[in-house]
Number of protein chains: 2
Amino acid sequence: MTTSASSRDHCSRRGDLAAPCSVCGAKEFNICQPLDPARQASLYARAVRLHWARREPVFAAGQPARHVYNLTEGMVALSRSLADGRRQIFGFLLPGDFIGLEAGDAYGCDAETLSDAKACRFDRATFDAFLRDNPDVALGLVRAASSDLAQARQHELLLGRKTAVERVASFLLDLRNRAGERHLRTQPLSLPMTRSEIADYTGLTIETVSRIFGRLKSQGTIDLADATAVRVLDEARLKRLSEGAD
Amino acid sequence: MTTSASSRDHCSRRGDLAAPCSVCGAKEFNICQPLDPARQASLYARAVRLHWARREPVFAAGQPARHVYNLTEGMVALSRSLADGRRQIFGFLLPGDFIGLEAGDAYGCDAETLSDAKACRFDRATFDAFLRDNPDVALGLVRAASSDLAQARQHELLLGRKTAVERVASFLLDLRNRAGERHLRTQPLSLPMTRSEIADYTGLTIETVSRIFGRLKSQGTIDLADATAVRVLDEARLKRLSEGAD
DNA sequence: GGGGCGCTTTGATCGAAATCAACCGTGCAA
DNA sequence: TTGCACGGTTGATTTCGATCAAAGCGCCCC
């Protein structure tokens, strides 16, 4: 199995999710609440709600890709490591995002929770059949896949050509924008990831990330109540820094 | 128009292509030769064969994405630049690859030829309609898109976490494998791209790329007849170098 | 032939970020 | 309460690749 030992199906906790499952429409964690019961019956009947604690694997690179997930709460990191342990994080997934959608026979990267997280899980075969019957949903997924590629290329530009300051500023702005889009904007922005995960995303070391946070703080560009609570004080400046000005 | 001034429709030169167009099946540059005339009539009737000289733009980031291309001969680079000119090349396209497939309303990157190149061009609307009628082709494209994403992530790992030697070794092996897959393997491997383009792909400078080529040559790992003709002498060693051993 | 241009190579030096090394604060378990 | 593990910050030093500089080599055009 790809989900960790402590993940539970149909967990007994209840409550609103950060985002309803975009496939089966579930709005609460343990209740099936599809938008269109007739069409989606075969799919949601088999959908399973899962939740994980912080720092648990959802799946690992190379495992057979038997499931597709729709994240409804929490944050998940996609990454891949070299044999000697050097790790590159590709991105941080937010509620509403799909996990494992692009996989062929096997998952191409590791997926790990960065916080408590919840997701709807679908069997790949069931999911594919559902897409065949629902071209509108399928079209939406094609768009989502294109946007993943666009994001990956943006990230390639960051890793290949930006300085350390530009990388960290870009990371902060990007996270802020994506959180804002999904109405998850909190003030201050709370970061579930550690300095080590930010370093592995930006292609830097934890020391460099820490120093740059310090510099941004002393400049007055951001405020740090603690290491995880970032308040952007000067967005325009942060934007300039992310593009190589200053 | 996105194609350059010197591109010509239905060019009068003839001859076998490196790869037949994977959509309309054209095997020669100026002759429509579809695999299944009945089904594909609406598409191939409007397909246009183009060719470009070296270093010509196919399209630029931000332009309205009106066309989809299938490269049949030559090589094209996808890239994106920062305001100050720093450029990141995302990949090198070979015959058989699609160009501009993942674009939404506008192209997300610059596409430029690295050599003389030929392609079949389709109107996006026509192409989309064709895909709706040919789900098998559409499925193939979904797989192609997934593999683009996998490749982009491999490249993120290269840019974020590999050393200069590892990057150049990975670049050479990757190009070699992809050329081999498509029966374009030449011995020695001939590189249509300059040191500057290799640098922009690997996130290095031309001087560093040149020095590493020199080092690989003096080690006996590769042989360089001239700057563009690379013969891999010790593939196993190159593989080890690309992964951090040695 | 010669001169200039674009690309590559090679050498010397510099600098941004990595590495090495303490040290701090917090939370947790003995 | 102590001790320790973990994450974060900060300082000293090193290093890898960038930058600066110069020269070599086709290649094309005059």
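Any value given below was found using the heavy atoms of this structure, including those in side chains, with hydrogens, waters and symmetry copies removed. Since this is a predicted model, take the numbers as computed values, not measurements. Note on naming: letters A, B, ... go to the chains in the order of the sequence lines (proteins, then strands), and numbering restarts at 1 for each one.
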Distance in angstrom units between I206(A) CD1 and dA18(C) P, rounded = 11 Å
Quick one: R55(A) CZ to dA5(D) P, roughly how many Å, whole number?
-> 18 Å
Distance in angstrom units between L158(A) CG and dA17(C) P, rounded = 12 Å
Flag the pair R153(A) and E102(B) as a salt bridge only when some basic side-chain nitrogen lies within less than 4.0 angstrom of an acidic carboxylate oxygen.
-> yes
Kindly determine whether H155(B) and Y201(B) satisfy ring-ring contact (aromatic ring centres under 6.0 Å, His included), including the steps that lead there.
-> CA-CA 9 Å; H155(B) 198 210; Y201(B) 177 78; 4.2 Å; yes
Distance-only polar pair, side chains of N70(B) and S22(B), donor-acceptor under 3.5 Å | yes
Phosphate contact (dG17(D) OP1 or OP2) by T208(B) side-chain N/O below 4.0 Å | no
I198(A) CD1 to dG8(D) P, straight-line distance once rounded to whole Å | 8 Å
Measure the distance from CG on D226(A) to C1' on dG8(D) and round it to the nearest whole Å.
-> 11 Å
For R161(A) and T194(A), take the nucleotide of DNA chain D holding the closest heavy atom to each; which residue's nucleotide lies nearer the 5' end?
-> T194(A)
Between the base of dG11(C) and the side chain of R211(B), is there any donor-acceptor pair under 3.5 Å?
-> yes
Salt-bridged, E156(B) to R161(B), with N to O below 4.0 Å?
-> no
Could you tell me whether the side chain of E207(B) has a donor or acceptor atom within less than 3.5 Å of a complementary atom in the base of dC20(D)?
-> yes
Taken to the nearest whole Å, CZ/R195(A) to P/dG25(C) is 17 Å
Under 4.0 Å: is that the gap between some side-chain N or O of T205(B) and OP1 or OP2 of dA18(D)?
-> yes
Between L224(B) and T163(A), name the one whose nearest nucleotide on DNA chain C is closer to the 5' end.
-> L224(B)
Below 4.0 angstrom, N of the basic side chain to O of the carboxylate: do R49(B) and E73(B) qualify?
-> no
Rounded to the nearest angstrom, tell me the gap between atom CG in L204(A) and atom C1' in dT19(C).
-> 14 Å
Rounded to whole Å, CG of D200(B) lies from P of dC7(C) at a distance of 13 Å
